[in-house]
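Ligands are counted one by one from 1 in listed order, and the atoms in each one are counted from 1 as well. The analysis underlying the following values was restricted to heavy atoms, covering all of them including side chains, and did not include hydrogens, waters or symmetry mates. Each residue takes its place number in the sequence, starting with 1.
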Amino acid sequence: MIIKGAAMTGKNEKVNSYEMAKKQVDIAAKYLDLDPGSIQKLKHTKRELIVHFPVQMDDGNVRVFTGYRVQHNVARGPAKGGIRYHPSVDLDEVRALSMWMTWKAAVVNIPFGGAKGGVQCNPKEMSLHEIEHLTRRFTWEISLMLGPEQDIPAPDVYTNPQVMAWIMDTFSILKGYSVPGVVTGKPIELGGSAGRFEATGRGVVTTSLEAMKTLRMSMEGARVAIQGCGNVGGVAATHFDRLGAKVIAISDSQKGILCERGLDVKRALDYKAKYKCFVCESKDETEITNEELLELKCDVLVPAAIENQITEKNAPRIKAKIIVEGANGPTTPEADEILDDKGIFLVPDILANAGGVTVSYFEWVQNLQELIWSEEEVMDRLTRIMQKGFKEVSEISLSKKIPMRAAALVLGIGRVAEASRLRGIYP
Ligand code: NAD
């Protein structure tokens with residue numbers, strides 16, 4: 001039986017991400033002076049659109065796809081959040097992801113609310129033409145919710161700058177003029193920002209560095225394991241490597257490779273880009289499963305794939321000193337408790353992967369003001385925002401004696417609740 005909104009874990013049990021996200025609101029509410037009505041509002045999404053739409057496939061047949069766009073909360077600004085193409089996308093997953101976007105923007109104090117979208121499909125089995133047709137029709141279907149002042153999509157799992165270009169083009173055709181500010185993560189040639197592609201992975205590394213400073217650990221020679229090697233995992237691996245860490249393992253949805261003395265990251269990622277899989281290229285390298293990767297003895301573990309990868313089942317076997325959540329929702333609340341008891345320092349998703357929404361905000365600002373910032377300017381601002389976010393979350397964690405996740409939720413949810421209180425209820 002498939003539970004709605006459930007992501008498969010490595011051990012085949014299923015967890016409902018939306019239920020997990022609502023539990024996190026309860027955790028933060030214990031430390032915030034919120035009335036029951038406010039808590040109820042924060043647990044609900046604001047708008048949900050489900051669309052079923054036809055796409056003409058390359059073989060001439062028509063297939064109907066189901067897509068979603070959900071806006072969770074817009075108290076602090078326009079809704080912002082990625083679009084995901086994946087077979088397991090459903091309403092509860094998109095709801096959870098939209099809620100996490102709201103808290104994330106608030107943790108790094110970016111003036112956005114939270115949204116998310118997705119289409120239930122398997123892009124690995126589709127041609128580029130089919131993905132373009134699906135993207136353009138999906139954009140048309142949800143266009144009533146989109147706009148630079150309303151709701152601004154970005155890339156997520158199995159979507160990329162090209163998909164953003166098609167969304168921007170379709171929306172612009174509907175309007176009759178170019179609207180670059182309707183999406184972020186676009187190609188630079190269409191108004192994308194320098195540094196946006198690297199932003200989330202770079203933010204993961206910045207927060208890893210801050211966590212290592214806290215624990216008086218050095219980046220030089222640190223053993224790093226990364227689950228997932230897409231935009232977030234791939235960029236993070238490259239940057240860890242540049243800073244002198246030893247990336248000992250990396251994976252994709254099929255399998256991973258392990259090299260105790262440190263992988264040749266560039267060679268591994270180049271091979272993956274060319275042949276769509278990893279292969280052991282020397283006798284020091286061995287194949288491992290995604291489950292084994294998570295349980296490796298390492299200094300920093302970066303889950304950078306999908307939700308619900310660290311659960312109560314495998315948490316007791318996790319040996320990392322620090323976990324930095326590149327993915328959204330990779331750890332269940334039950335696993336959180338186990339990791340905390342084991343003394344593992346966890347940098348939660350709504351802080352660790354906030355680099356993406358931060359540079360998306362820079363891209364949106366540049367589009368609206370018709371400015372172009374240099375990569376140095378973008379990276380400098382990104383680093384400062386990520387360091388400030390880490391410091392603010394750490395201070396709450398220390399003063400309230402709570403784990404970093406609870407502290408980040410207190411900061412993010414607290415800011416959203418205060419914005420909602422100040423705006424009041426209409427009419
Ligand atoms: P991507 O599509 O570029 O890469 C996803 C990676 O995960 C791929 O390497 C894929 O092989 C792997 N993967 C997929 N299913 C897997 C499974 N069952 N087990 C192990 N690996 C699996 O996506 P991305 O943009 O890098 O996003 C990764 C995660 O980071 C997602 O949770 C996403 O929501 C989150 N995130 C992304 C951004 C961003 O800017 N792209 C920002 C914030 C958070």
Side-chain angles (χ1 to χ4, degrees), residues 7-12 14 17 80-89 93-94 96-101 103-105 107-108 110 114 116-118 122-124 131 153-164 183-186 192-193 195-204 207 225-238 249-257 268-269 272-273 276-278 288-294 302-310 324-331 348-361 363 382 386:
M8 304 285 287
T9 69
K11 296 278 181 268
N12 271 356
K14 297 153 195 104
S17 301
K80 183 86 189 83
I83 289 183
R84 173 175 291 201
Y85 291 168
H86 197 274
S88 73
V89 165
E93 180 182 277
V94 180
L97 290 163
S98 72
M99 195 186 276
W100 291 328
M101 281 305 298
W103 315 146
K104 190 181 303 181
V107 165
V108 283
I110 296 294
K116 205 78 179 189
N122 188 351
K124 287 183 188 170
I131 295 174
D156 193 75
V157 175
Y158 299 147
T159 56
N160 57 25
Q162 176 61 74
V163 172
M164 297 306 113
V183 283
T184 58
K186 299 178 289 295
S193 177
R196 172 60 186 90
F197 186 79
E198 293 79 16
T200 311
R202 288 286 291 260
V204 163
T207 51
I226 303 178
Q227 185 198 35
C229 63
N231 173 240
V232 181
V235 170
T238 304
I250 193 159
S251 65
D252 62 16
S253 58
Q254 305 304 313
K255 63 172 188 234
I257 44 172
L269 291 179
K272 162 76 187 167
K276 311 280 175 234
C277 65
F278 284 121
I288 48 166
T289 64
N290 266 297
E291 291 77 38
E292 287 166 343
L293 182 145
L294 295 172
V302 181
I306 53 168
E307 301 92 83
N308 303 319
Q309 296 301 295
I310 306 178
V324 184
E325 294 183 327
N328 287 309
T331 313
D349 49 4
I350 56 172
L351 170 62
N353 69 33
V357 74
T358 302
V359 178
S360 276
Y361 165 62
E363 182 173 330
L382 170 66
M386 296 304 292

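- Asn231 contributes no side-chain N or O that, together with a main-chain N or O of Gly234, makes up a donor-acceptor pair within less than 3.5 Å.
- Ligand-side atoms of ligand 1 in range of Tyr158: 2 (O), 10 (C), 11 (O), 14 (C), range being under 4.0 angstrom from any heavy atom.
- In terms of modelled atom types and a separation under 3.5 Å, the side chain of Asn353 and the main chain of Thr200 share no donor-acceptor contact.
- Interface of Arg196 with ligand 1, defined as ligand atoms under 4.0 Å from a residue heavy atom, comprises 40 (O).
- Near Arg84, meaning under 4.0 Å from any of its heavy atoms, are these atoms of ligand 1: 31 (C), 32 (O), 33 (C), 34 (O).
- Side-chain atoms of Ile131 and Gln162, non-hydrogen and from C-beta on, never get closer than 4.5 Å to each other.
- The Asp252 neighbourhood of ligand 1 comprises atoms 11 (O), 20 (C), 21 (N), with distances under 4.0 Å to a heavy atom of that residue.
- The existence of a salt bridge linking Glu307 and Arg84 is confirmed by a sub-4.0 Å separation between a basic side-chain nitrogen and an acidic carboxylate oxygen.
- Near Asn353, meaning under 4.0 Å from one of its heavy atoms, ligand 1 places the atoms 43 (C), 44 (C).
- In this structure, Asn328 contributes its side chain and Ile306 its backbone to no donor-acceptor pair below 3.5 Å.
- Within the listing of ligand 1, atoms 9 (O) sit less than 4.0 angstrom from a heavy atom of Cys229.
- Under a 3.5 Å cut-off, the side chain of Gln227 and the backbone N or O of Pro303 do not form any donor-acceptor pair.
- Considering backbone and side-chain N/O of Thr200, one or more are found under 3.5 Å from N/O of ligand 1.
- Among Gly230, Pro123, Ala352, the residue whose heavy atom sits closest to atom 4 (O) of ligand 1 is Gly230.
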